[in-house]
Amino acid sequence: MSDLSLRKKELNVKESSFIKTLKGETNLLPFWFMRQAGRYLPEYRKIRKNINSFLDLCFNPNLAAEVTIQPLARYDMSAAILFSDILVIPHALGQSVSFKGGVGPVLGSLNNNELNLNNLNEILSPVYETVSLVKKQLNSDKSLIGFAGSPWTVATYMIEGSSSREFLKIRQMMYKKPEELQKIIDLLVDATSLYLLEQIKSGVDAIQLFDSWASVLPEEMFNLWVIKPTAKIVSNIKAEYPDVPIIGFPKGAGILYPEYIKKTGVDAVSLDHTIPLNWAAEHVHSLCPVQGCLDPMALLVGGDIMISETQKILDAFSDRPFIFNLGHGIHKETPVEHVEHLVSFLKDQ
Ligand code: CP3
C-alpha cells in the first residue's frame, strides 16, 4: 500500500459514519434527530426541573454536556448536537432573552445602537466549554454537531420579540426599512461567524445552520435575507476551516433548495417533511448529501405508519450519501418507545 492510501485509510478509520457520509460515502446510514436532547426525555426533564431559566442550562457546561450526551447514551445515534439554543446570539449581543413556560422565548425591546460584538465570545465561553467537555466524552466513531440559527431566523425573534405566526414586523421592515434590517442581519453574520469559528476551535466536527422561518419569503427576499447572509457565514468559516462540513436547513424552502445549495456553498442540506420526496431526490440529492426528513408527527404517532413513512424516505434517498433525520424537531409529547422502535428499525437496515 502506498503512503498516501495508508494515510487515507488511517484518516478514514478516525472519521465517523456521519462525516464520511457528508464527504460522499453511500453505504452507511448515520442518523440523529433534531431536538434529540429535550423535553420528551425523562432524564432531560429531571435536570431541567431543578433549573429556573433555560439559558442557565445552556450556560452550565457540565449540565449542558450531560444533556448533549443523554440521547446517545439511550439510543446510540451517530452524532450528538451541542445543547444550546439559537437565541444565545441575541443574548450575547445585548438584547434580553428569556424563556417562559407555555409561551416560548421572550426578547426585550430592540435598541439597535446598544447591540454589539464586544463581549460575545466572553458571554458565550460556557458554550465553548460544553463543546470541549462533550468532545472528551464522545467515542471517535461519534460526531459532535455545532450549530447556530441563520441570521433571518434569529432576526425574526429579535424583531418580533417572541415566536410569531405572521412575522408582521420583520416582513414590513424588509420592504419599508431594508437598510435597518440589513444592519441587524450584518451584525448577525459577524456574530454567527465568530460563534461558529469558536465552536470549531473547541472541537465540533460539523456545523448545522437552522433557518426555521426561511419559508415565509418571496423568491427575491429569500435571496436577500436567507441566501446572501448564509453564503457570507459559509465563506467566513470555509476561509479558516475548509474541511468542516456545513449543513444548511432552510426549512420549507421547497423549490428554492437547489438555488440555496448552489449560492450558499453549504456542503449538505437538511430537508423538511413537506418536500416531495421524488422531486427532492432528483433536484436536491443530485447536488449534495442530504439529511432528513421524517415528519415529527409520524414519530409521535409511532407504529406501522412511522415505519412505512421511514421506508419511503429510505427508498428515495439511500442510493446517494444520506443521513436519516426528522423534518423538524422531536415534539415534546413523543413517547421514548417510539424513538426506540425507529432506532432499532434504522439499525436493522
Ligand atoms: O437537541 C437539540 O436539538 C439541541 C438543542 C437545541 C435547542 N434548540 C434546545 C431547546 C437546538 C438545536 C435548538 C434550535 C432552535 N431554537 C431553533 C431552530 C430549530 C427549530 O426548532 O426550528 C429555534 C427556532 C429555537 C428557538 C427556541 N428555543 C424556541 C422557539 C423555543 C421554545 C420551544 C418550545 O416548544 O417551548 C426554544 C426552547 C428550547 N430550545 C428548548 C430546548 C430543549 C425547550 C426549553 C425547555 O427545556 O424549557
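Note that the numbering runs from 1 along the sequence shown for the chain. Note that ligands are numbered from 1 as they come in the structure, with each ligand's atoms numbered from 1 the same way.
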Inset, instruction - Could you find the nearest protein heavy atom to atom 11 (C) of ligand 1 and give me its residue, atom name and distance? - result: Phe147 CZ, 3.6 Å

Legend entry - Gln137 side chain vs Ile69 backbone, donor-acceptor pair below 3.5 Å: no

Inset, instruction - Select the closest option to atom 7 (C) of ligand 1 among Ser84, Ser150, Gly104, judged by heavy-atom distance. - result: Ser84

Legend entry - Closest to atom 17 (C) of ligand 1 among Ile47, Ile51, Ile86, Val67 (heavy-atom distance): Ile86

Inset, instruction - Please check if the side chain of Ser193 supplies one atom and the backbone of Asn236 the other of a donor-acceptor pair under 3.5 Å. - result: no

Legend entry - Charged N-O contact under 4.0 Å between Asp141 and Lys20: no

Inset, instruction - Name the option, out of Gln208, Lys332, Arg39, that contains the heavy atom nearest to atom 33 (C) of ligand 1. - result: Arg39

Inset, instruction - Would you check whether Ser163 reaches within less than 4.0 Å of ligand 1, judged by its heavy atoms? - result: yes

Inset, instruction - Identify the protein heavy atom lying closest to atom 37 (C) of ligand 1, giving its residue, its atom name and the separation to 0.1 Å. - result: Phe99 CE2, 3.4 Å

Inset, instruction - Give the residue and atom name of whichever protein heavy atom lies nearest to atom 20 (C) of ligand 1, and the separation in Å to one decimal. - result: His328 NE2, 3.1 Å

Legend entry - Selection from Arg35, Arg45, Lys100 by shortest heavy-atom distance to atom 13 (C) of ligand 1: Arg35

Inset, instruction - Check each atom of ligand 1 against the heavy atoms of Ser212 and keep those under 4.0 Å away; list them by number with element. - result: 18 (C), 19 (C), 20 (C), 22 (O), 24 (C)

Inset, instruction - Using a strict cut-off of less than 4.0 Å between a Lys/Arg side-chain nitrogen and an Asp/Glu carboxylate oxygen, indicate whether Asp205 and Lys142 qualify as a salt bridge. - result: no

Legend entry - Cationic N near anionic O, under 4.0 Å, Glu309 to Lys312: yes

Legend entry - Test item: Tyr260 side-chain N/O and Asn223 main-chain N/O as donor-acceptor pair under 3.5 Å: no

Inset, instruction - Examine Ala37 against ligand 1 and note whether any of their N/O atoms are separated by less than 3.5 Å. - result: yes

Legend entry - Carboxylate-amine/guanidinium contact Lys201 Glu198, below 4.0 Å: yes

Solution key, residues 341-349 side-chain donor-acceptor pairs under 3.5 Å, sequence neighbours excluded:
{"from": "Ser344", "atom 1": "OG", "to": "His341", "atom 2": "O", "distance (Å)": "3.2"}
{"from": "Lys347", "atom 1": "NZ", "to": "Tyr75", "atom 2": "O", "distance (Å)": "3.3"}
{"from": "Gln349", "atom 1": "NE2", "to": "Phe345", "atom 2": "O", "distance (Å)": "3.0"}

Legend entry - Centroid-centroid distance, Phe99 to Phe54, less than 6.0 Å: yes

Inset, instruction - Return the residue, atom name and 0.1 Å-rounded distance of the protein heavy atom closest to atom 39 (C) of ligand 1. - result: Phe54 CZ, 3.5 Å

Legend entry - Under-4.0 Å heavy-atom contact with ligand 1, by part of Leu82 that carries it: backbone

Inset, instruction - Please identify which atoms of ligand 1 are closer than 4.0 Å to at least one heavy atom of Tyr157. - result: 24 (C), 30 (C)

Inset, instruction - Mark the output for Tyr44 as yes if a heavy-atom distance to ligand 1 is under 4.0 Å, and as no if none is. - result: yes

Inset, instruction - For atom 28 (N) of ligand 1, grab the closest protein heavy atom and report residue, atom and distance to one decimal in Å. - result: Asp85 OD1, 2.7 Å

Inset, instruction - Report yes if Trp213 has an N/O atom closer than 3.5 Å to an N/O atom of ligand 1; otherwise report no. - result: no

Inset, instruction - Check whether any side-chain N or O of Arg45 sits under 3.5 Å from a backbone N or O of Arg39 as a donor-acceptor pair, and report yes or no. - result: yes

Legend entry - N or O pair under 3.5 Å between Thr153 and ligand 1: no

Inset, instruction - Say whether Pro105 and ligand 1 are in contact under the criterion: heavy-atom distance to a ligand atom below 4.0 Å. - result: yes

Inset, instruction - Select one of side chain, backbone, both or neither to describe which atoms of Arg48 lie under 4.0 Å from any atom of ligand 1, heavy atoms only. - result: side chain

Inset, instruction - Using the six-membered ring wherever Trp is involved, compare the ring planes of Trp213 and Tyr157 and label them parallel, tilted or perpendicular (cut-offs 30° and 60°). - result: tilted

Inset, instruction - Return yes if a side-chain donor-acceptor contact under 3.5 Å exists between Ser202 and Ser132, otherwise no. - result: no

